Amino acid sequence: MKKFRYVGVGVNRVDAIGKVTGETKYAADLKLSGMCYGKILLSTYPRARVLRIDTRSAESLAGVRKIITAKDITGNNRYGYYIPHRPALVGEGEETRYIGDAIALIVADTYATACEALKLIKVDYEILIPLTSPKEAMDMEAYLVHKEEEGNVASRHELIHGDVKAGFEASDVVIEQTYVTSRQEQAFLESEAGVAFVDESGILHIYSCLQDPYDVVEDIYLALGIPKSKIHVKATPSGGAFGGKLNTTIQVQLAAMAYIARVPVQLVLDREESFIFHPKRHPDEIWIKIGASSDGKIHALEAEVISDAGPYAVRTNEVLGLTVSALVGPYSLPNVHLTGKAIYTNNLDSSAFRGFGAPQAAVAREGIIEKLARVLEMNSLVLRQKNFLKSGEETLSHVLGDSPVSLDLLKDRIIEKMGPIPESKPDSGRRIGRAFGFDMPVFDVSAIPLLCKSGVGIAVELFSDASVAIYAGGTELGQGSATIMAQIAAEELGLKMNKVFVEMGDTWTCPRAGRTSASRLTYVLGNALLLATEKIRDRLIQRAAEMLEIHKDDLLLVDGEIQAKGSSSKGLSIRKVAEACSNEGVKLREEGWFKYPEDRYMYGHTFMASAADVEVDLITGEIKILKLVNVHDSGKVINPVLAKGQLYGGSIQALGYALTEDLIVQDCKLLTPSFAEYLIPTAMDIPEEFLADFVETPYPTGPYGAKGLAEHSLNTTTPAILNAICNAVGIDICTIPIKPEYILENLKT
Amino acid sequence: MSRHNIVLNVNGKQTSLEVESDRSLLDVIREDLELTGSKRGCDNGDCGACTVLVNGKPVNSCLVLAVQADGQDVSTIEGVALGDELHPIQEAFIEHGAVQCGFCTPAMIMNAKALLEEIPQPTNEEIKQAILGTLCRCTGYIQIVDAIHSCGRSKK
């Protein structure tokens with residue numbers, strides 16, 4: 001087996017020093033000469049007709065540079081991924097669709113003045129009755145959030161395989177349950193922020209935290225009518241994103257401020273604005289029915305998902321598609337009938353959040369399987385194993401993958417890591433439960449021939465001093481992609497890590513790379529990078545062969561040198577060869593363009609297992625996580641330290657999803673607008689014992705056999721915790737988050 | 001708004017400032033002193049991303065008025081490294097993978113610094129207590145706890 005110097009090694013992050021010294025500049029830390037401050041006036045009502053916007057008092061306030069309303073927008077004032085139907089600004093005569101719709105933009109000399117001006121804008125509204133739930137919105141009489149979307153249906157998915165009716169008839173046991181999942185907030189610590197300015201050549205520059213710089217260009221072009229060639233978007237280091245910055249957030253409004261006011265502007269949302277503005281994890285209601293014979297063989301699965309899409313399309317169609325297909329999970333099921341509907345409402349918007357619809361499905365699927373095991377009086381792990389997808393078997397879902405199946409390996413490893421189950425002491429007033437969860441989440445291999453999802457580029461330049469720059473259009477959100485790219489480049493070009501500079505997320509310098517989501521960067525950018533470095537390496541060796549008068553096949557690139565095979569004394573430094581190439585006009589800048597050979601709706605699959613030991617206090621209902629283990633098969637792990645960080649981080653977000661996180665929206669208004677009300681886990685909430693581990697089955701088409709990784713860790717921790725609670729105290733958990741009050745109430749009855 | 005002349009001893013450097021009475025210590029650190037390592041995550045005392053040390057004790061600088069800090073010693077992340085040489089806590093954060101997006105990192109390091117000054121070899125429970133007030137959404141905290149724990153050990 002080939003020995004690597006950097007690949008598979010937990011090297012330090014390339015961006016770590018700036019982050020530990022405070023030198024890294026996030027968007028809110030940037031200060032431009034003559035910079036003004038922006039503020040967005042959001043709609044007071046979830047649904048209202050804007051009758052009149054009076055900006056006169058605000059405009060006359062000293063220090064106000066510009067108040068912008070829909071009338072000032074020169075483009076078509078609409079933007080949005082999938083369907084560009086979100087207004088940049090809701091104008092007079094138009095209706096708002098949620099409390100995050102923008103009515104006016106303020107540009108002022110100071111932030112305080114911008115806030116003051118905001119209060120001076122008078123808006124007359126005709127208040128209309130909003131749709132507060134999918135149920136209301138599905139009513140035949142309901143108003144249409146978008147005129148052209150009949151029945152307020154944002155998306156519909158169906159997955160049929162075999163004959164579900166026959167499957168249930170063949171079953172000895174049939175059970176059903178409805179699961180309700182909460183609206184989860186991404187809660188990135190850095191709120192939406194950016195600076196924008198128009199330079200002397202009329203180019204609009206946007207520096208902002210985001211996940212898809214190319215989509216931001218598209219949205220600014222659509223809404224404001226600025227030619228794409230005159231828009232430069234540069235991603236700043238993001239203080240977390242988790243899908244919440246995947247769709248264009250503030251950048252269209254920010255662009256309008258700078259473009260119309262013609263001053264440099266900084267726009268930073270405060271926490272409440274942030275909670276309102278960006279889309280959340282879809283709250284779902286999932287009815288699910290399962291049938292099995294008494295030996296545990298599952299014969300049929302039927303389910304219906306109703307998802308709250310919120311006011312705009314954004315990623316709803318894809319998220320719902322994944323929720324529906326993820327209901328199958330890593331199991332081999334002969335008969336399934338799964339349907340899903342996402343419904344427009346006037347609630348907060350819904351779109352991407354780590355897991356992309358699969359965590360909701362995992363709660364329902366793993367929940368009903370655990371319940372099935374109880375009814376069958378069978379060990380739930382045995383039941384799961386009995387129905388595991390087998391190697392070589394095709395998955396049912398339309399998002400067909402081609403990953404080697406490693407569920408049994410994962411199961412063995414996680415059992416080993418969990419060790420013996422601690423016993424509940426009879427008189428302690430506490431009960432301990434354990435549960436396992438499995439899944440096979442997807443990652444994008446760049447095969448989908450629509451919406452800029454196919455084809456990913458990267459550029460690499462080797463300089464005459466043997467330093468190398470990589471221009472990668474993904475964005476660094478904290479996941480560590482810049483480090484992964486540097487590891488691969490250093491490995492392939494035989495250079496030290498400190499010779500590699502990685503620039504990310506700049507639409508001017510980086511070839512188009514699409515979005516940073518679906519755990520795709522290691523796979524797609526990694527593959528593109530291998531294509532680019534191969535060309536540069538071949539050229540270096542070719543030139544060295546000429547210089548040394550040795551055949552190129554007899555040369556090796558290693559440790560900063562090009563050496564003759566078997567004789568380390570005969571060689572040239574890469575620097576010498578690079579210098580020669582540079583002097584002689586031999587090209588050392590290359591682009592790698594990776595496109596999956598097939599154009600079909602396809603992702604790759606990883607496999608994952610979680611397990612939890614949970615202790616429940618019978619007097620207080622308090623839940624304590626004693627042990628939490630996650631084992632993933634993400635193929636070859638390029639950086640184990642960073643990879644474990646992803647598993648730890650994702651599973652603690654999942655713990656929050658299970659136990660505390662619920663963004664409460666009542667009558668379409670947000671009741672939990674801060675971290676004091678919306679509780680994400682603190683250091684005190686982490687499990688007493690907390691482990692992460694990998695099984696590494698190489699993925700044939702992945703760089704070094706690597707697969708995607710970052711997004712997945714959220715999926716199975718939530719059901720593992722819920723089922724462990726259920727096993728401890730014997731109550732069904734159908735609604736998350738589960739609170740101590742719920743446990744106490746249900747213990748009593 | 002009344003204006004006040006104050007003196008802050010920031011990272012060992014005496015700085016005279018004129019500030020309005022309603023401005024927070026975080027406002028002054030970030031805007032007047034241009035030390036942007038301290039982050040504004042909520043401006044409400046909930047997230048702890050703005051944590052700095054006042055007289056060696058961690059505080060949410062968004063909840064402290066600048067005038068209240070008059071005459072006090074203020075330490076921010078910018079004063080932790082000695083020139084180009086990282087502080088052992090910073091080294092430990094890097095080695096243990098305790099840094100992801102980095103937005104809470106300065107605050108976590110300031111918490112750790114205050115803790116290790118007071119308890120040179122803290123237990124994991126003491127470490128968790130010390131960082132309890134600072135939210136991290138990326139790491140699941142464990143690698144941060146490990147990093148701080150390793151500093152305690154290396155001091156033996």
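Residue numbering restarts at 1 for every chain, and letters A, B, ... go by the order of the sequence lines. Small disclaimer: the values here were computed from a predicted structure and weren't measured.
Atom CG in B:Asp146 sits 10.5 Å away from atom CZ in A:Phe690 (nearest 0.5 Å). Put simply, CG on B:Asp27 and OH on A:Tyr111 are 10.5 Å apart, with the number rounded to the nearest 0.5 Å. One finds the CD atom of B:Glu31 at 7.0 Å from the NZ atom of A:Lys31 (value rounded to the nearest 0.5 Å). Interatomic distance, NZ of A:Lys19 versus CD of B:Gln90, reported as 15.0 Å (0.5 Å rounding). The CZ atom of A:Arg354 lies 9.0 Å from the CZ atom of B:Arg137; values are rounded to the nearest 0.5 Å. Distance CG/A:Leu189 to CG/B:Leu135: 6.0 Å, rounded to 0.5 Å.
The two residues B:Asp46 and A:Phe675 make their nearest non-hydrogen contact at CB-CB, 3.6 Å. Of all non-hydrogen atoms in B:Tyr141 and A:Ile686, the two that sit nearest each other are CD1-CG2, 3.7 Å. Taking all atoms of both residues into account, the shortest heavy-atom contact from A:Ser238 to B:Cys101 is O-CB, 3.3 Å. Taking all atoms of both residues into account, the shortest heavy-atom contact from A:Phe242 to B:Cys138 is CZ-SG, 3.7 Å. When all heavy atoms are compared, the tightest approach of A:Tyr26 to B:Phe103 is OH-N, 3.5 Å.
Contact of B:Val99 with chain A is made through backbone and side chain together, with heavy-atom distances under 4.5 Å. Neither the backbone nor the side chain of B:Glu91 comes within contact range of chain A, judged by heavy atoms closer than 4.5 Å. Heavy-atom distances place both the backbone and the side chain of B:Ile142 under 4.5 Å from chain A. Of the atoms belonging to A:Gln646, heavy atoms from both backbone and side chain fall under 4.5 Å from chain B. Only the backbone of A:Leu477 comes within contact range of chain B, with at least one heavy atom under 4.5 Å from a heavy atom of that chain. Proximity to chain B (any heavy atom under 4.5 Å) is shown, for A:Ser191, by neither the backbone nor the side chain. Heavy-atom distances place both the backbone and the side chain of A:Asp29 under 4.5 Å from chain B. For a residue to count as touching a neighbouring chain, one of its non-hydrogen atoms must lie under 4.5 Å from one of that chain's; by this rule B:Asn44 touches chain A with the side chain only. Only the side chain of B:Ile109 comes within contact range of chain A, with heavy atoms under 4.5 Å apart. A:Pro237 does not touch chain B: none of its heavy atoms, backbone or side chain, sits under 4.5 Å away. Proximity to chain A (any heavy atom under 4.5 Å) is restricted, for B:Gln143, to the side chain, taken from C-beta onward.
By the neighbour-count criterion of 12 heavy atoms within 6.0 Å, atom CD of B:Glu85 is sparsely surrounded, having that number or fewer from other residues, nucleotides or ligands. Atom CG of A:Asn498 has more than 12 neighbouring heavy atoms from other residues, nucleotides or ligands inside a 6.0 Å radius. At most 12 non-hydrogen atoms from other residues, nucleotides or ligands lie less than 6.0 angstrom from CD of B:Glu118.
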Between A:Lys25 and B:Thr36, is a side chain to side chain contact (heavy atoms under 4.5 Å, CB included) present by the stated rule, with each step listed?
CA-CA 8 Å; A:Lys25 294 286 181 202; B:Thr36 55; 2.8 Å; yes

For A:Met684 and B:Gln129, what are the C-alpha separation, side-chain angles and deciding distance, and is it a side chain to side chain contact (heavy atoms under 4.5 Å, CB included)?
CA-CA 7 Å; A:Met684 296 306 287; B:Gln129 284 285 355; 3.5 Å; yes

Apply side chain to side chain contact (heavy atoms under 4.5 Å, CB included) to the pair B:Ile94 and A:Arg13, showing each step before the final yes or no.
CA-CA 7 Å; B:Ile94 296 175; A:Arg13 294 180 71 98; 5.8 Å; no

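Most heavy-atom pairs under 4.5 Å with chain B, from the set A:Ile652, A:Val20, A:Val268, A:Ile680: that is A:Val20. Between chain B and the residues A:Ala112, A:Ala241, A:Gly240, A:Gly645, the largest count of heavy-atom pairs under 4.5 Å involves A:Gly645. Heavy-atom pairs under 4.5 Å with chain B were tallied for A:Gly22, A:Ala683, A:Ser274; the largest tally goes to A:Ala683.
For the pair B:Leu86/A:Ile17, a side-chain contact is recorded, criterion being any heavy-atom separation below 4.5 Å from C-beta on.
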